[in-house]
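Written below as structure tokens is the structure these notes are about.
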Amino acid sequence: MTPKKIFLAIILLQFFPVLLYPPRTLLSGIGVVVVALLFFVFLGYGLWRRRMWALTMSIFVQGLNIIVRFMMFYPAAKTPQGTWNIELVLFTAVAIILSGWILLRLDRPDIRSMITA
């Protein structure tokens, strides 16, 4: 995959790992989801326009997503009855992996030079 295609994929899909929660969780806070999507449209536009602040903010958001997911993993992974919430565990694992991939790709010299050039 060429760096331009990776860059375009990052712009279009950077919201996905941050908003990757079970559907019933997302539907209970639909207003927050709409505001978050608007934020990511703004952020994607900044990346498309090759703004350094957008790169910094994207790296910050993806890193913070990983940290928050790890912090909330154990308390939310077990139900009060002591069983594992498999749905949440899977969504959290996929979100951490995707955020990590986006974070590592954004911090690579080829993508960084595309934005800062």
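As the structure is a prediction and not an experimental result, all values here were calculated from the model. Reckoned from all heavy atoms, side chains included, excluding hydrogens, waters and symmetry mates. Position 1 is the first residue of the sequence; numbering continues from there.
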Rounded to the nearest 0.5 Å, what separation is found between the CD1 atom of Ile96 and the CG atom of Leu103? 12.5 Å
Under 4.0 Å between a side-chain nitrogen and a carboxylate oxygen: does that hold for Lys4 and Asp110? no
Any residue meeting side chain to side chain donor-acceptor pair (under 3.5 Å) with Arg108, in chain and number order, not counting sequence neighbours: none
Hey, could you give me the CG/CD1 distance between Leu106 and Ile6, rounded to the nearest 0.5 Å? 10.5 Å
Mind checking the CZ-CD1 spacing from Phe16 to Ile10? Nearest 0.5 Å is all I need. 15.0 Å
Looking at every heavy atom in both Ala36 and Leu19, which two are closest together, and how far apart are they? CB-CD2, 3.9 Å
Mind checking the CD1-CG spacing from Ile111 to Leu104? Nearest 0.5 Å is all I need. 12.0 Å
Please name all residues satisfying ring-ring contact (aromatic ring centres under 6.0 Å, His included) with Phe42, sequence neighbours left out, ordered by chain then number. Trp53
Hey, does the Lys NZ or Arg CZ of Arg69 hover above the aromatic six-ring of Tyr21, less than 6.0 Å from the centre and inside 45° of the axis? yes
So do the side chains of Val94 and Leu90 get within less than 4.5 Å of each other, counting heavy atoms only? no
Report yes or no: do Gln81 and Thr83 form a side-chain donor-acceptor pair below 3.5 Å? no
Has Trp48 got more than 12 heavy atoms of other residues, nucleotides or ligands less than 6.0 Å from its CH2? no
With rounding to the nearest 0.5 angstrom, report the CG to CD1 distance, Asp107 to Ile102. 13.5 Å
Might you point out which heavy atoms bring Val89 and Ala77 nearest each other, and give the distance in Å? CG2-CB, 3.8 Å
Please tell me whether Tyr45 and Val18 are part of a single hydrophobic cluster in this structure, the criterion being side-chain heavy atoms less than 4.5 Å apart. no
Examine Met114 and Leu55 and state if one hydrophobic cluster contains both, with Ile, Leu, Val, Met, Phe, Trp and Tyr joined whenever side-chain heavy atoms are less than 4.5 Å apart. yes
Would Phe60 end up clustered with Ile66 when hydrophobic side chains under 4.5 Å apart are linked, directly or stepwise? no
Not counting sequence neighbours, list each pair that qualifies as a ring pair (Phe, Tyr, Trp, His ring centres under 6.0 Å) and has a residue in residues 66-99. none
Find the distance between CZ (Phe7) and CZ (Arg105) and round it off to the nearest 0.5 Å. 12.0 Å
Determine, using the 4.5 Å side-chain heavy-atom cutoff (strictly less than), whether Phe40 and Ile59 are members of one ILVMFWY cluster. no
Connected-component partners of Met71 among ILVMFWY, side-chain separation under 4.5 Å: Ile67
Would you say Ile115 and Trp101 are hydrophobically clustered, going by side-chain heavy atoms of ILVMFWY under 4.5 Å? yes
Any donor-acceptor pair under 3.5 Å from Gln62 side chain to Gln14 backbone: yes
So, using side chain to side chain donor-acceptor pair (under 3.5 Å) as the criterion, who are the partners of Arg24 when residues are at least two apart? Glu87
Just jot down the side chain to side chain donor-acceptor pair (under 3.5 Å) partners of Thr92, sequence neighbours excluded, or say none. none
Are a donor atom and an acceptor atom from the side chains of Asn65 and Ser99 found within less than 3.5 Å of each other? yes
